[in-house]
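Computed from a prediction, not measured in an experiment: that's the story for all the values here.
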Amino acid sequence: MTLFYHFDETQPLAGRLAMGVEYDGSRFCGFQRLKHAASVQQAIEDALAKVAGAPVRIHASGRTDSGVHATRQVIHFDPPVQRTEKAWIFGANTNLPRDVAVRWVKPVSDDFHSRLGALGRRYRYIFLNQISRPVLERANVTWCRDPLDADAMHRAAQALVGEHDFSSFRAAGCQSKTPWRQMHFVEVKRHGPLVVIDIQGNAFLHHMIRNIAGALASVGRGAQDEGHIERLLAMKNRQKGDVTAPACGLHFVDSIYDERFELPKEPLGPNLLAFTGEWTGERVLPESPRVAARRRLTFSRQAKPEQQETSS
C-alpha cells in the first residue's frame with residue numbers, strides 16, 4: 001500500500017461501510033459511549049451524523065479503556081444516506097476533535113461485522129526506559145526509570161502464548177462470561193530506550209494487557225524471576241496478581257479480518273515505532289477451531305449483534 005492516494009469524490013458509496021479510525025485516548029473515558037463523560041464513540045457518531053444529516057450508530061472492533069490509544073480501530077456502520085469516499089473522510093475529520101481522525105472508509109458486504117467478525121486483535125505497550133522523565137512522548141508511553149531486561153521479559157511472556165484461563169490478569173469488574181482467551185504471540189523487544197510488548201490474541205479481558213505489562217515490568221526490573229508469569233497464570237486469581245500498568249502506554253494497533261473483506265493494509269502504529277518496518281498483515285494468523293468458526297460467521301442487517309454473538 002502506498003501512504004498517499006487520492007480519495008474518490010465522484011462515486012457515492014452504497015451499503016455497509018467499514019472505517020479505520022485513529023485516536024489519542026488521553027482525554028476520553030474509553031471508546032464506548034457514556035452518559036457522564038467524553039467517549040471516542042460519541043465523538044465519531046456526532047461527526048458522522050453531521051456528514052449524513054441524520055443519526056449514525058457505529059460498531060467497533062474493540063472497546064478500549066480510558067486513556068488507551070488506537071492507531072487502527074476498525075468500525076462499521078450502515079449509513080442512512082450515500083456519500084462519496086472523500087465526503088465521509090474529509091467531512092468526518094472536519095467535525096472531529098483534533099485527537100480523533102478517520103484514516104479510510106471502504107464499502108463491505110452485509111456479512112461484515114467489526115467486532116463479532118474479528119479474527120484477532122493486536123496491541124503494543126510501550127515503556128520509555130530512561131532516567132529522565134519523558135517530554136515529547138509523555139502522552140503515549142509509560143515512563144520506567146529502572147533498567148528493564150527486555151530479553152528476560154520476552155522469555156517470561158512466552159507462558160502466555162496459547163489458550164489459557166487469564167483470571168489473574170482480568171480486572172475485578174470485568175464483565176466477560178469467560179476468562180479463557182487465546183494469545184497468538186507475545187514479543188518483548190528493546191529499541192534504544194523503548195521497550196515494546198507486542199501482543200496479539202483472539203480477544204482480551206478488561207485491563208488484561210495492562211496487567212500483563214505490569215507483571216512483565218516486575219520481571220524486567222528483577223523484582224520477579226522469569227517464572228513469575230507462568231505462576232500467575234496457574235493461580236487464576238487476580239488478587240494475587242501484579243500491578244496494573246498505566247493506560248498511556250497502551251496502543252490498539254490492528255484488528256484482523258477474513259481476507260475476503262479486503263480491508264486496506266496500513267503500517268502498524270504508533271508512528272513512534274515506524275522504524276521497525278512491519279506492516280499490517282505480514283504475520284500468518286495461527287489457524288484454530290476458534291478462528292475457523294469466526295471465518296464462517298455471517299451477519300445480516302436484520303439480526304441483532306447480541307443474537308449473533310451467542311452462536312460464536
Exactly one candidate in Val105, Val74, Val100, Leu96 meets side chain to side chain contact (heavy atoms under 4.5 Å, CB included) with Val21; the answer is Val100

Near Gln239 CD, under 6.0 Å, is it more than 12 heavy atoms from other residues, nucleotides or ligands?
no

Side-chain heavy atoms of Ser168 within contact of Leu233, under 4.5 Å
no

Please report the closest heavy-atom contact between Gly91 and Val51, naming both atoms and the distance.
C-CG2, 3.4 Å

Looking only at atom types and distance, does a side-chain atom of His113 sit under 3.5 Å from a main-chain N or O of His59, one as donor and one as acceptor?
no

Output yes when a side-chain donor or acceptor of His251 lies under 3.5 Å from a complementary backbone atom of Asn140, and no otherwise.
yes

Just wondering, do Leu268 and Asp254 contact through their side chains at under 4.5 Å, heavy atoms?
yes

Within the 3.5 Å criterion, strictly below it, is a donor on Ser176 or Arg181 matched to an acceptor on the partner's side chain?
yes

Closer than 3.5 angstrom, by distance alone: can the side chain of Asn93 be matched with the main-chain N or O of Ala101 as a donor-acceptor pair?
no

Are the side chain of Glu85 and the backbone of Asp8 linked by a donor-acceptor contact shorter than 3.5 Å?
yes

Residue Asn271 excluded, over 12 heavy atoms near CG under 6.0 Å
no

Could you check whether any side-chain N or O of Thr280 sits under 3.5 Å from a backbone N or O of Glu266, counting only pairs where one atom can act as donor and the other as acceptor?
yes

Extract all donor-acceptor atom pairs below 3.5 Å that involve side chains of residues 183-194 and protein atoms in other chains or at least two apart in sequence.
from, atom 1, to, atom 2, distance (Å)
His184, ND1, Gln200, NE2, 3.0
Glu187, OE1, Arg283, NH2, 3.0
Glu187, OE2, Arg283, NH1, 3.1
Arg190, NH1, Gly192, O, 2.9
Arg190, NH2, Asn129, OD1, 2.6
Arg190, NH2, Leu148, O, 2.9

Check against side chain to side chain contact (heavy atoms under 4.5 Å, CB included), Lys50 and Asp46:
CA-CA 7 Å; Lys50 290 181 179 178; Asp46 289 350; 5.6 Å; no

Would you say the rings of Phe28 and Tyr23 are close, in the sense that their centroids are separated by under 6.0 Å?
no

Here's a test for you: under ring pair (Phe, Tyr, Trp, His ring centres under 6.0 Å), which of Phe77, Phe7, Trp104 qualifies with Trp88?
Phe77

Evaluate the side-chain proximity of Val291 to Pro286: yes if any heavy-atom separation is below 4.5 Å, no if none is.
no

Taking only residues two or more places apart in sequence, or in another chain, which ones meet Lys236 in a salt bridge (Lys or Arg N to Asp or Glu O under 4.0 Å)?
none

Should we say atom CZ of Arg260 is surrounded by more than 12 heavy atoms from elsewhere, each under 6.0 Å from it?
yes

Side-chain heavy-atom pair Ser26, His69 within 4.5 angstrom cut-off:
yes

Would you tell me whether Ser61 and Gln73 have side-chain atoms, one donor and one acceptor, within less than 3.5 Å of each other?
yes

Any donor-acceptor N or O pair under 3.5 Å, side chains Arg238, Thr244
yes

May I ask you to test the Arg221-Cys144 pair for a side-chain heavy-atom distance under 4.5 Å?
yes

Heavy-atom distance under 4.5 Å between the side chains of His206 and Arg63, does that happen here?
no

Output yes when a side-chain donor or acceptor of Glu230 lies under 3.5 Å from a complementary backbone atom of Ala156, and no otherwise.
no

Is the shortest heavy-atom distance from the side chain of Ser39 to the side chain of Gln32 under 4.5 Å?
no

Does CZ in Arg145 sit with more than 12 non-hydrogen atoms of other residues, nucleotides or ligands closer than 6.0 Å?
no

Does a side-chain heavy-atom distance below 4.5 Å link Arg231 with Lys240?
no

